[in-house]
Number of protein chains: 2
Amino acid sequence: MSRTLAKIAYNADEKKLAAFAKAMGHPVRIQILKILNTQACCYTGDLTDSIPLAQSTISQHLKMLKDAGLIQGEIMPPKVKYCLNQENWPVARRLFSELFQLSGSQEGQTLCSSDE
Amino acid sequence: MSRTLAKIAYNADEKKLAAFAKAMGHPVRIQILKILNTQACCYTGDLTDSIPLAQSTISQHLKMLKDAGLIQGEIMPPKVKYCLNQENWPVARRLFSELFQLSGSQEGQTLCSSDE
DNA sequence: TTAGTTTATCGTGAATATACGATGATTGAT
DNA sequence: ATCAATCATCGTATATTCACGATAAACTAA
């Protein structure tokens with residue numbers, strides 16, 4: 001963003017997809033998503049136990065995932081239980097799937113052969 | 001990275017997936033990937049024409065996509081023709097697909113109900 | 001009320017990302 | 001050899017990311 005003199009009007013889906021991708025752009029957050037995808041849920045403490053990073057750092061990563069809408073937190077005092085965001089996770093799957101399914105299945109595609 | 005006192009050994013696939021996601025973490029780069037996915041190929045100039053950003057900025061975005069291995073460039077003087085990276089694009093599709101396919105298909109899944 | 005547990009947030013410093021204009025490099029055409 | 005065209009890279013400024021420790025917030029239990 002920064003010196004945004006040229007403000008572009010992006011497609012809403014492109015913005016969403018980019019935001020999801022950005023949130024997924026760190027190995028720890030991929031790890032967290034995988035864990036949540038496998039076990040359905042877990043507490044922050046479970047993650048701080050299994051990931052060798054400071055508790056504050058993991059909380060920060062969780063916040064990014066939550067802000068992006070990929071996960072959701074349920075307060076169960078004094079813990080917080082995290083799950084995949086039930087509304088947005090399928091949306092993310094669809095957006096990524098659509099991006100990759102446009103082409104790419106064909107092996108012998110005529111790449112790099114446009115006119116001019 | 002920065003003050004990496006705690007160096008974590010991530011799964012290779014997790015690192016790859018995170019790197020792909022990071023590269024996709026900007027609307028312009030999503031746009032570029034979509035274009036390349038649709039038209040098979042295009043020149044840098046085609047992108048600078050259709051995207052209201054400085055030529056240097058677009059070149060920078062292209063470099064990120066190339067460094068991440070999502071696209072590849074073919075020099076056709078004085079132009080450069082870009083395509084999706086034929087080797088890695090299917091890899092990226094597979095990694096994202098795997099991440100999203102672990103669960104998530106079931107609607108009435110018993111979320112947030114682990115023990116303790 | 002006090003103490004303990006769990007998690008989020010604050011403050012910080014270093015690294016990276018994002019945008020721009022200016023300049024450099026490469027090749028084809030004159 | 002020179003010029004124009006195309007694209008990459010450099011230099012810059014600002015914003016964001018990523019990590020940490022310290023502290024705050026919320027709730028339970030005693």
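In what follows, every chain begins at residue 1, and chains take the letters A, B, ... in the order their sequences are listed.
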For atom CG of B:D67 and atom C1' of D:dA8, their distance in whole Å: 12 Å
Smallest heavy-atom separation, B:C83 atom then B:C41 atom, equals SG-SG, 2.6 Å
Among D:dC20, D:dT28, C:dT7, find the nucleotide with the atom closest to the side chain of A:P77. D:dT28
Which nucleotide in the list C:dT9, D:dC7, C:dC20 gets nearest to the side chain of B:T44? D:dC7
Might you point out which heavy atoms bring B:A68 and B:F20 nearest each other, and give the distance in Å? O-CE2, 3.2 Å
Plane angle bin for B:F96 and A:F96 - parallel if under 30°, tilted between 30 and 60°, otherwise perpendicular: parallel
What is the nucleic acid contact for A:P78, judged by heavy atoms within less than 4.0 Å: base, sugar-phosphate only, or nothing? base
Would you say B:T57 and B:S59 make side-chain contact, with heavy atoms under 4.5 Å? no
OP1 or OP2 of C:dT18 under 4.0 Å from side-chain N/O of B:T57: no
Among C:dC20, D:dC18, C:dT18, which nucleotide has an atom closest to any side-chain atom of B:L53? C:dC20
For B:I75 and C:dT26, what is the distance between atoms CD1 and C1' respectively, to the nearest whole Å? 9 Å
Which residue lies toward the 5' end of DNA chain C, B:M64 or B:Q55, if each is placed at its nearest nucleotide? B:M64
Before giving the answer on side-chain contact (heavy atoms from CB on, under 4.5 Å), spell out for A:F100 and B:N37 the whole-Å C-alpha distance, their side-chain angles and the decisive distance to 0.1 Å. CA-CA 8 Å; A:F100 283 106; B:N37 206 3; 5.8 Å; no
From the set D:dC7, D:dA19, D:dC18, return the single nucleotide nearest to any side-chain atom of A:R29. D:dC18
Quick one: B:I30 CD1 to C:dT18 P, roughly how many Å, whole number? 12 Å
Taken to the nearest whole Å, CG/B:D46 to P/D:dA5 is 17 Å
Rounded to whole Å, how long is the line connecting atom CG of B:L47 with atom P of D:dT6? 14 Å
Verify the contact: side-chain N or O of B:K22 to OP1 or OP2 of C:dA17, cut-off strictly under 4.0 Å; return yes or no. yes
Have a look at B:S59 and say if it touches a base, only the backbone sugar-phosphate, or nothing, with a 4.0 Å heavy-atom cut-off. base
Closest to the 5' end of DNA chain D, once A:S56 and B:L62 are matched to their nearest nucleotides, is B:L62
Assess whether one donor atom and one acceptor atom, taken from the side chain of B:Q60 and the base of C:dA17, lie less than 3.5 Å apart. no
If only side-chain N and O atoms of A:H61 are considered, is one of them under 4.0 Å from the OP1 or OP2 phosphate oxygen of D:dT17? no
Give the rounded distance in Å between these two atoms: CD of A:E74 and C1' of C:dA8. 17 Å
